[in-house]
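Numbering of ligands and ligand atoms starts at 1, following listing order. Everything numeric here is computed off the predicted structure, so don't read it as measured data.
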Amino acid sequence: MSHDTPVAELTKTEARKELKALADEIARHDALYHGEDAPEISDADYDALRQRNAAIEARFPDLKRADSPSEKIGAAPSTQFSAVRHAKPMLSLGNVFSETEAREFRERVIRFLGLSDDEELAITAEPKIDGLSASLRYEEGALVLGATRGDGREGEDVTANLKTINDIPHTLMGAPDVLEVRGEVFLSHADFGAMNAAREEAGEELYKNPRNAAAGSVRQKDAGVTASRPLAFFAYAWGELSEPLADTQSGAVARLKALGFRTNPLMRRCVTLEEMLETYAEIEGRRADLGYDIDGVVYKVDRLDWQERLGFVSRAPRWATAHKFPAEQATTILERIDIQVGRTGALTPVAKLSPVTVGGVVVSNATLHNADEIERLDVREGDMVVVQRAGDVIPQVVRVLTEKRPKGAKPFEFPMTCPVCGSAVAQGGEEDDKDVVRRCTGGLVCSAQAVARLKHFVSRRAMDIEGLGTKQIEAFFTDGLVKEPADIFTLEKRDSADSNLKPLRAREGFGKKSVDNLFAAIEARRTFPLNRLLFGLGVRHVGETTSELLARHYGSMEALRRAVENIIAGDEAARDDLLAIDGVGGTVVEALTEFFAEAHNLEALDRLMAEVSPELLEALPVADSPVAGKTVVFTGKLEKMTRDEAKARAAALGAKVAGSVSSKTDYLVAGADAGSKLKKATELGVATLTEDEWLEMAGN
Ligand code: IVH
């Protein structure tokens, strides 16, 4: 049933009917999500259903059902597989979508490495397999661990399951003592079809696509079930190694093949942009008859010493990128435009569509981005629209078939008040240069924002608390158990002390064991890397990279807070100090001051800091580097590497790279023709180094 009558206008009979429908609908989605790895709707849609249920119950408390979804916490925490930390993180890839962007990728590499015209830059091109990545650890030739990617740092131990895959050898001859092989687990179209046919026969839920089926198969409790699924594996990368496999990407892949792994036969080594694009076209041309899903072509710099020099930005290598195939499109009816309220209050219009299959996936929601986009597309409720889906990104409405517009369709009126909390909606920016995004001004008063912030706080890349996912947060928030981050840490105390509360273990889906596990997981997060805690606060424009820069620079939450408070009070030196961090600009300063100027943010932060004691940084891979923690400024013309490379390497060693010299500068690295910065450093008595001295010190 549709759920679009405003809650305030529902009659009692309608409300009763809708609560029943919601209970059934939510239970069905729970089963699909948890039992089958085959969700039919997005998390946001699922959340919307639960929110609607809660809103109706709030208005008609006496209609609350015995099987009300708000009493259920979703699935018990997954304790099925044990967590394993990857010796080397499993990276993701940046994307390019056009020939121009592919050329820009190649040019960025050339610029970063400072290559001259006569130096050959070889780049490999190979299919991007649409499966799930896995890491296989071999010690002295024996497969000792097989893990999923997880969040890239930590995955799940699925050794027994991966061992059932034919393409994965259990022993290797002549391999390095430690060898982690990485690649993609996938299902061919033929095997996927046969598997779903058998499931249909047996009356079981069908898998949506080969990737979901492969993922579901790898995460089976019983390895016997995995063994019955014809999974395949292509090796294309590696993690920890006791000795190098080769000097080049292509050489290393050839070595993996010689060791007995299946590698992709379509990989080519390309020495010009034209060759890269030809290979892309060739692979795209064969896409339909490969017999397995691919969603693009991956380019990788061939020389491994250059890969090393290029390094990473966040979680993606600078030396590789994915050239995605163009998006697929379909036509359907836009039934309704909903407004969702995000973590920062941004109101995002979402198109509710008649379900349509786009590139093998059923789509019933598409983003409309913002009010300007609605105006630009001139999209109205009831319109026939073209939707497009590219990879894993949220589908988009790209075009309206205005000739098919139903009579009487009216232009959409963007709400002036928040649909969740009723607060005013504001549009930032100047009169003639308005921001495109409109925001709810309710802040934490707005339950949509408060919940979204909590979800962000516990998300994988932030606090990542096992057993405390979006579903639990949602339920705890609805019940008033957790309203802000600090509440998570006092949950256990209140759970045993407050007799007005229904104890957690008495809740559905929450036995004593899972409650104990949850409390243990929360306890374990009281000491936690500062950068991730900071990221978890969800300050606008303060993403993972910026959080790490800030954590390194200030060393503690108190120091950061003091600095920002000083900036708010007009302290220019504090402002310059913050801006001197390479990678921090005006937007971040503004966002931080905005955040720390809010009394309720400060109070919530105080309550949180009373519960936790963050450690300085997550990974301390650089603690033994002599330049770790030092502030370095580069000036003049460097000979051995480009400026970007110098900065990136210094940062990777734990140094803070600043743009200008001050009394806080530890080293000025002066290349040829250094000017005013060198002069200032000399005046201030800052140590100056030549490029060679710096390289020596940095251990290169
Ligand atoms: S290389 C350092 N090569 O794409 C780069 N990844 O979007 C590590 N993938 O997590 C990945 N085919 O699961 C690489 N030929 C290929 C790939 C591939 C598929 C997946 C992989 C990765 C994701 C990143």
Side-chain angles (χ1 to χ4, degrees), residues 86-97 101 105 109 123-136 146-156 158 162 165 167 180-188 209-212 214-215 218-219 231-241 245 248-250 252-254 256-257 261-270 276 279-280 282-284 286-287 290 292-304 306-325 390-393 460-461 652:
H86 298 300
K88 290 251 165 90
M90 289 181 78
L91 303 167
S92 56
L93 290 169
N95 290 323
V96 300
F97 288 94
E101 288 178 4
F105 163 71
V109 169
I123 291 181
T124 59
E126 69 198 56
K128 182 169 191 299
I129 319 294
D130 197 8
L132 71 148
S133 49
S135 183
L136 310 168
T148 60
R149 175 171 186 273
D151 65 358
R153 305 178 209 266
E154 212 170 68
E156 287 175 318
V158 288
L162 292 179
I165 299 178
D167 294 335
E180 281 181 5
V181 177
R182 288 173 178 178
E184 206 81 354
V185 177
F186 66 99
L187 261 177
S188 72
N209 55 40
R211 179 161 51 98
N212 280 346
V218 165
R219 298 186 77 262
L231 296 168
F233 180 82
F234 274 129
Y236 54 65
W238 53 91
E240 196 183 359
L241 292 174
L245 290 169
T248 59
Q249 179 74 31
S250 46
V253 171
L256 291 176
K257 180 160 192 245
F261 289 94
R262 182 168 169 201
T263 59
N264 197 292
L266 298 183
M267 181 169 107
R268 303 269 179 275
R269 185 175 173 277
C270 309
M276 285 164 64
T279 311
Y280 172 86
E282 185 197 336
I283 293 175
E284 188 183 25
R286 302 183 56 168
R287 184 181 188 186
L290 279 179
Y292 50 86
D293 279 347
I294 63 174
D295 56 351
V297 169
V298 183
Y299 300 130
K300 300 172 185 172
V301 170
D302 197 34
R303 272 179 61 166
L304 299 184
W306 286 355
Q307 288 191 3
E308 181 85 14
R309 280 176 58 189
L310 284 153
F312 313 97
V313 225
S314 279
R315 280 177 311 284
R318 279 197 197 83
W319 47 264
T321 198
H323 189 164
K324 291 295 200 69
F325 293 137
D392 281 339
V393 301
R460 271 201 152 169
R461 295 190 206 153

heavy-atom search around atom 12 (N) of ligand 1 in the protein gives I129 N, 3.0 Å
Between the side chains of K88 and E180, is the shortest nitrogen-to-carboxylate-oxygen separation below 4.0 Å, so that they form an ion pair?
no
Logged contact type for K128 with ligand 1, heavy-atom cut-off 4.0 Å, is both
L91 heavy atoms within 4.0 Å reach ligand 1 at atoms 2 (C), 10 (O)
Checking heavy atoms under 4.0 Å, the part of W319 that sits near ligand 1 is side chain
Taken to the nearest 0.5 Å, the spacing of N264 CG from L290 CG works out to 7.5 Å
Fill in: Greater than 12 external heavy atoms within 6.0 Å of R286's CZ
no
re atom 13 (O) of ligand 1, the protein heavy-atom contact at minimum distance is E184 OE1, 2.8 Å
Exercise. Would one find an N or O of L132, backbone or side chain, under 3.5 Å from an N or O of ligand 1?
Worked result: no
So for P127 against ligand 1, with non-hydrogen atoms under 4.0 Å, the contacting part is backbone
For E126, the ligand 1 atoms with a heavy-atom partner under 4.0 Å come out as 3 (N), 15 (N), 16 (C)
Practice item. Examine ligand 1 and decide if any of its atoms is less than 4.0 Å from a heavy atom belonging to M90. Key: no
of all protein heavy atoms, closest to atom 11 (C) of ligand 1 is Y236 CE1, 3.9 Å
Between the CG atom in L187 and the CG atom in D130, the distance rounded to the nearest 0.5 Å is 11.5 Å
Should the pair R269-D302 be classified as a salt bridge under the 4.0 Å nitrogen-to-oxygen rule?
yes
Note: ligand 1 atoms sitting under 4.0 Å from heavy atoms of R149 are 10 (O)
**Request:** Before giving the answer on side chain to side chain contact (heavy atoms under 4.5 Å, CB included), spell out for F325 and I294 the whole-Å C-alpha distance, their side-chain angles and the decisive distance to 0.1 Å.
**Result:** CA-CA 9 Å; F325 293 137; I294 63 174; 3.6 Å; yes
The answer for which part of P317 has a heavy atom under 4.0 Å from ligand 1 is side chain
Rounded to the nearest 0.5 Å, the CE atom of M267 sits from the CZ atom of F234 at a distance of 12.5 Å
Here the atoms of ligand 1 under 4.0 Å from any heavy atom belonging to V298 are 3 (N), 15 (N), 16 (C), 17 (C)
**Item:** Criterion salt bridge (Lys or Arg N to Asp or Glu O under 4.0 Å) on D151 and R460, from CA distance to verdict
**Value:** CA-CA 7 Å; D151 65 358; R460 271 201 152 169; 5.1 Å; no
dist Q249:CD -> E126:CD (nearest 0.5 Å) comes out at 6.5 Å
Counting heavy atoms under 4.0 Å, the part of L93 that contacts ligand 1 is both
Logged contact type for K300 with ligand 1, heavy-atom cut-off 4.0 Å, is side chain
Check your understanding: Any side-chain heavy atom of I129 within less than 4.5 Å of one from Y292?
Key -> yes
